[in-house]
Amino acid sequence: MDVSVDIEKVRENFRVYNTLSKDIERFEPIEKNKVRIYSCGLTVNDYMHIGHARTYTVWDVLVRYLRFLGYEVFHVSNITDISIDEKILKRLEEEKISFQQLIEKYTKAYFEDREALGIERANVHPLATQHVQEMIELIEILLKKGYAYIAEDGVYFSIRKFQNYGKLSGIKPEALVAGASGRISKDEYDKDYVGDFALWKIAKEKEPYWYSPWGKGRPGWHIECSAMSMKYLGESFDIHTGGEDNIFPHHENEIAQSEAATGKKFVKYWLHTKHVLLGGEKMSKSYKRLIYLRDAIAKYGATNLRLYLLSTHYRKKLNFEEKGIEEASLIVNRFTKAVQITLKSLRKEIKNKNAQELLSYCIAKFNNFLDALNDDLNTTAAIKYLDDISRSIITFVESNGFVPSEIAENIIYILDKMGEIIFGDLYKREIRLEPTAEFEEFIEHMIKERDELRKEGKYESADKIRENLRRMGIEIEDLRFGTIWYIKKNSLYRK
RNA sequence: GCCGGGGUAGCAUAGUGGUUAUGCGGCGGCCUGCAGAGCCGUUUCACGGGGGUUCGAAUCCCCCUCCCGGCUCCA
């Protein structure tokens, strides 16, 4: 039986929801076999929270899936290390550090946190501060072409000059004036029109600055993503991602700047994640209603958390609940057990006719898994099929014993593919664990000893061995044909 | 105010016209020295309310209602 997948065929059916068209579209990159993707990264002035984590995890799955589909993926994700506001200035005083130190601290934390969740590094993580020259050049083009103008406190982009303004978010320039949010009327900037946005801001006292033809200052927030994405990916590229809050104004303004400057279509597919909610409402820094990722990992375990973040489709709001993580941990446990038992099966010479049925089932579910991901990255459904496979392996082993090695070999191929896409780097780190020969010998010895104690009816001593093994992260289970064991790194610790 | 997304059995999450939804929890059973895990049964023929289209609607259309998000800090 052949488990290999016709990648070309699967790839043809990959569809994603494009915010630009507000519709699900078949994915077809600009250049055949190559995908260029830019994901909006973090403003590194604080630790990342579980909302950021969801977003980056989803894009991690996207990138891994694209690679699985055979695409050569070039992924760029920026680091915004320029953001300065009064809150930050206050923080500098509180933490008694310089702006540079603050940025360094949280940039380091950002990479640690990403890695802890098994998120792969992008090909390039450009820093905004190192691309000020590119931003200045882009602003000069916009001035030359008449899309931008110089005011007293900076350079602004004139949104009324750009015909398609609002095509991503659906916001009409006039609506910005009529907006009843109460924020726009309090406009304190020296610009021609309320909807116009800053390309360059002249520095006020105490603020960090860079030199420019328009005076000492810093770039506006949006220009960095235009400058850096076009530098590394070209004037037109395939995918641009972000959280839903980026749609307006950030991405809308990026489109305006970039397309005004180049005259070309900036991005083909815009993908956005919905927010993580806490108690039914959006997390908010100002009200301290948020959960930092590193705290959540410490409490729930990275693997459980990662699966939980993927358990709701990315275009649906995720209301963060502990109970959901508990459910996710059960799926992680089953998968871990299934993977490790299958790995052990590889080394056993066992014949079992029913195993062929098991393999057929796994192949069918693996195809379902791919269909689910093809359907706008439906991780909810994909995880369900992954769990079906875990259960089928466990059930098989519990009633039939280990899987014949030639069958196990094929099943492992499927488990590896699924595991790497869903769990990322955590798959090898926490799930597909293979003990050293010595360690294995030790465990097997303990199990044998326990067995003898059990035969003699010395259950107390036998249970003590089980308890000790469990403390080492070894789970053992007595099945009909004997005792199986596996390494469990992702226990859900509860208070 | 404008724009968008939702309301699915105790809880959560799938499902865009027609077959017994899935997981978790509860209860009962099988298995077991115990535990764990798994399996079977049950809670359960569920889709916010009203109207319409249709042979047939959770799914399409209209109205109402409640919740959430966006409307220049934001993933």
Side-chain angles (χ1 to χ4, degrees), chain A residues 19 22 39-43 45-46 48-59 80 83-88 159 166 169-172 174-176 178-184 187 189 194-198 220-222 241-250 252-253 272-277 280-286 290 311-319 321 323-324 326-331 333-334 337 372 375 378 380-385 387-388 390-399 454-455 457-460 462-463 466-467 470 475-480 484:
Chain A
T19 310
K22 292 177 180 55
S39 43
C40 260
L42 193 71
T43 301
N45 56 27
D46 199 359
M48 68 193 261
H49 57 62
I50 51 175
H52 300 124
R54 180 197 200 188
T55 295
Y56 301 135
T57 304
V58 168
W59 308 140
T80 300
S83 156
I84 283 283
D85 59 24
E86 278 171 28
K87 271 183 247 162
I88 299 299
I159 66 165
S169 61
I171 284 173
K172 297 181 182 100
E174 315 85 68
L176 292 172
S181 66
R183 305 193 217 179
I184 290 167
D187 206 293
Y189 299 102
V194 281
D196 292 351
F197 57 90
W221 172 36
H222 317 296
T241 70
E244 61 172 327
D245 51 341
N246 283 152
I247 296 171
F248 189 86
H250 188 49
E252 192 69 64
N253 291 350
H272 295 96
T273 49
K274 292 275 196 241
H275 287 306
V276 173
L277 308 181
E281 278 171 35
K282 187 183 166 182
M283 288 192 285
S284 148
K285 270 190 192 176
S286 30
L290 59 84
S311 67
T312 299
H313 183 77
Y314 77 93
R315 278 195 298 114
K316 195 162 179 177
K317 285 178 269 250
L318 172 65
N319 194 18
E321 278 178 328
K323 204 178 156 240
E326 285 172 31
E327 288 188 20
S329 79
L330 298 176
I331 294 171
N333 287 165
R334 275 194 286 269
K337 191 167 143 187
D375 181 16
N378 189 346
T380 314
I383 288 167
K384 187 213 173 312
Y385 296 122
D387 194 40
D388 284 344
S390 304
R391 279 178 196 273
S392 70
I393 293 169
I394 292 167
T395 304
F396 179 90
V397 171
E398 295 203 350
S399 47
R454 287 169 71 210
K455 269 179 210 154
K458 294 173 179 167
Y459 293 119
E460 242 174 70
D463 289 351
R466 181 168 63 192
E467 187 49 40
R470 191 167 283 161
E475 286 291 319
I476 64 175
E477 287 170 19
D478 301 322
L479 305 183
R480 239 175 264 166
I484 60 156

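Convention: sequence-line order gives letters A, B, ...; per-chain numbering from 1.
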Please write out each protein N/O paired with an N/O of nucleotides 36-41 of chain B under 3.5 Å, distance rounded to 0.1 Å.
{"unit_1": "B:G36", "atom_1": "N2", "unit_2": "A:D478", "atom_2": "O", "d": "3.4"}
{"unit_1": "B:A37", "atom_1": "O2'", "unit_2": "A:K337", "atom_2": "NZ", "d": "2.7"}
{"unit_1": "B:A37", "atom_1": "O2'", "unit_2": "A:E398", "atom_2": "OE2", "d": "3.0"}
{"unit_1": "B:A37", "atom_1": "N3", "unit_2": "A:E398", "atom_2": "OE1", "d": "3.2"}
{"unit_1": "B:G38", "atom_1": "OP1", "unit_2": "A:R334", "atom_2": "NH1", "d": "2.8"}
{"unit_1": "B:G38", "atom_1": "O4'", "unit_2": "A:E398", "atom_2": "OE1", "d": "3.3"}
{"unit_1": "B:G38", "atom_1": "O3'", "unit_2": "A:T395", "atom_2": "OG1", "d": "3.2"}
{"unit_1": "B:G38", "atom_1": "O2'", "unit_2": "A:T395", "atom_2": "OG1", "d": "3.3"}
{"unit_1": "B:C39", "atom_1": "OP2", "unit_2": "A:R391", "atom_2": "NH1", "d": "3.3"}

*Given the rule that a pair is Watson-Crick or G-U wobble with both distances under 3.5 Å, how would you write RNA chain B in dot-bracket, using | for pairs to a different strand?*
((((((((.[[[[.)..(..]]]]((((((.......))))))....[[[[[..)....]]]]])))))))....

_Residues forming a salt bridge (Lys or Arg N to Asp or Glu O under 4.0 Å) with A:D245, sequence neighbours excluded_ = none

*Who passes salt bridge (Lys or Arg N to Asp or Glu O under 4.0 Å) against A:R315, sequence neighbours left out?*
A:D376

*Measure the distance from CG on A:N253 to P on B:C74 and round it to the nearest whole Å.*
10 Å

_Run the side-chain hydrogen bond (donor to acceptor under 3.5 Å, both in side chains) test against A:S311 and tell me which residues pass, sequence neighbours left out._
none

_Taking A:K337 first and then A:E475, would you say they form a salt bridge - that is, a charged N and a carboxylate O separated by under 4.0 Å?_
no

*Quick one: CH2 on A:W221 to NE2 on A:H250, what's the gap to the nearest 0.5 Å?*
5.0 Å

_Using whole Å, what does the distance between atom C1' of nucleotide B:U72 and atom CD1 of A:I247 come to?_
14 Å

*Polar side-chain atom of A:E252 near backbone of A:G166 as donor-acceptor pair, under 3.5 Å*: yes

*asked:* Quiz question: going by heavy-atom distance under 3.5 Å, is there a donor-acceptor pair between the base of B:C68 and the side chain of A:K282?
replied: no

*What interatomic distance, in whole Å, is found between C1' of B:A14 and the corresponding atom of B:A46?*
13 Å

*Can you check whether any acceptor in the base of B:G33 is under 3.5 Å from a donor in the side chain of A:D463, or vice versa?*
yes

*Report yes or no: does A:Y56 contribute a side-chain atom to a donor-acceptor pair with the main-chain N or O of A:G51 at less than 3.5 Å?*
no

_Side-chain N or O of A:W221 versus OP1/OP2 of B:C74: is the shortest distance under 4.0 Å?_
yes

*Can you check whether A:F248's main-chain N or O pairs, donor with acceptor, with A:S169's side chain at less than 3.5 Å?*
no

*asked:* Closer than 4.0 angstrom, basic N to acidic O: yes or no for A:D463 and A:R466?
replied: yes

N/O contacts under 3.5 Å, protein versus nucleotides 11-15 of chain B?
{"unit_1": "B:C11", "atom_1": "O2", "unit_2": "A:K323", "atom_2": "NZ", "d": "3.4"}
{"unit_1": "B:A14", "atom_1": "OP1", "unit_2": "A:H313", "atom_2": "N", "d": "3.4"}
{"unit_1": "B:A14", "atom_1": "OP2", "unit_2": "A:K316", "atom_2": "NZ", "d": "2.9"}
{"unit_1": "B:G15", "atom_1": "OP1", "unit_2": "A:N378", "atom_2": "ND2", "d": "3.4"}

